[in-house]
Amino acid sequence: MKSLEQRIEAHIDELAQYTETPNHGVTRVVYTEQDTLAKEYMKKQMEELGLKIEEDEIGNLFGTWKGTDRKLPQVWTGSHLDAPTHGGKFDGVVGVFGSLEAIRILQQENFKPKHDIILVVFVAEEPTRFGIGCLGSRALTGMIVPADLESWKDKDHISLKEVLLQNGRNPEKVLSEELAPEKIKNFIELHVEQGAVLETEQKEIGIVDDIAAPTDIQLIIHGEQRHAGSTPMSIRKDPMPAAAEVILLVEKLTKNNISETSVGTVGKMVITPGASNVIPEQVELTIDIRDVDANKKKRIITELSKEITTILDERDLSYQFSIKSDDVPSRMNEEVVQFIKKSCEEVGCSAKVMASGAYHDALIMSRRVPANMIFVPSQNGISHAPTEFTATAEIATGIKVLARTLEKLSK
Ligand code: HGY
Ligand code: MN
Ligand code: MN
């Protein structure tokens, strides 16, 4: 009989194989073969625990451990299996196999939940393919509208609607997947911290009270494509120096200018045509602004939009500034924060109540139902990189705290 630690390492090794970039971390994108293989692996694991397996139209996977009183609201636990480009082996998967192992612990203790416990694997938590994250939890909370199915496109400019159809999924049904909130008592997610707070403060568990929310902006700056050698500087309409000014502006506005907790990232830039001796025709930037303070984030976005207009008007460049998603930061459920604290005492581990700079499905689920998160440390605070690492023993502690909390929530 394998120990918990052995099973953790087996899950990590198995899931890490499902990547498009074997020598550069884990890249696992929604509706691709690697994502499907990872889900198939988890389905088998869930069946071994006797969970009833279902999948919804957008592709969320559910494993139900039936409670003794099925009329009661359900306790949901889980996370995501998809990974960013060249990501790590722990983001998302720790919460998926962690929920499975927490259920196994309770089953081995002969615990009988009164409430159904549902293990959920959300699709597309990462914005990798469509530029917007948490598609699975957005579908379940009614946060996807028909226009999104058309406007959310992948790098080949194929819309989410088209991709759903290509995968034999019915877009109309995806739009009607909103859950009745009274059906769920709580959603609790185990996740790697993706920051260095726990490691720095030598704490074993993070109990999340606030989750920062992202505003995802797409900025396309139009230039005039011309020869890099024969075009005098005085007549150029070059979008690149303008993009450089915008990137510095994002850094200036989010660096303790308006808020101590804001962050700003330009993580992706597409230069067309992208040749060394051609003044670009256009530059597309993604701008990711986050904060736990909704009002300050709003002020930053307003200032950003105003100053971008000034920069581009002065350069006489046309542009499109579109807000692709604008999420609101959220507080976790206070009563369950206390449950998790109690669970840490029972397990005998140190803990710290803290905010999450990364967003998660728990952010989206908290729009409709009480949600909570348990963090385990990230070595050097690194995540979304191949060097992402959390020790097996640290994950085991997180799973034990999750098991104790699921017991409190479902008895
Ligand atoms: O970007 C995020 O915060 C999440 O990891 N997708
Ligand atoms: Mn992530
Ligand atoms: Mn994640």
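Residues: numbered from 1 along the sequence shown. All values below were derived from every heavy atom in this structure, side-chain atoms included, with hydrogens, water molecules and symmetry-related copies excluded. Each ligand, and each atom within it, is numbered from 1 in the order the structure gives.
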Point to revise | CD-CE distance between Glu189 and Met373, expressed to the nearest 0.5 angstrom | key: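 Nearest 0.5 Å value for the CD-CE distance: 4.0 Å.
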
**Study point:** Heteroatom test (N, O or S) for His191 near the Mn ion (ligand 3), limit 2.8 Å
**Key:**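 His191 does place an N, O or S atom closer than 2.8 Å to the Mn ion (ligand 3).
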
Review point. Atoms of ligand 1 less than 4.0 Å from Ala358 heavy atoms?
Key: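 Those of ligand 1 that fall under 4.0 Å from Ala358 are 3 (O).
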
Looking at [X] and [Y], does any basic side-chain N land under 4.0 Å from a carboxylate oxygen?
X      : Y      : value
Arg129 : Asp154 : yes
Glu101 : Arg104 : yes
Asp327 : Arg138 : yes
Arg331 : Asp210 : yes
Lys342 : Glu346 : yes
Arg404 : Glu109 : yes

Check your understanding: Residues two or more places apart in sequence or in another chain: which of them pass ring-ring contact (aromatic ring centres under 6.0 Å, His included) with His80?
Key ->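 For His80, the residues satisfying ring-ring contact (aromatic ring centres under 6.0 Å, His included) (neighbours in sequence not counted) are His191.
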
Point to revise | the Mn ion (ligand 2): protein N, O or S atoms [distance under 2.8 Å] | key: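 Hits for the Mn ion (ligand 2) below 2.8 Å: Asp91 OD2, Glu126 OE2, His384 NE2.
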
Check your understanding: Are any of the heavy atoms in His384 under 4.0 Å away from ligand 1?
Key ->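 Yes.
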
Check your understanding: Of Glu126, Arg290, Gln194, which has the heavy atom at the shortest distance from atom 3 (O) of ligand 1?
Key ->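 Shortest heavy-atom distance from atom 3 (O) of ligand 1: Arg290.
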
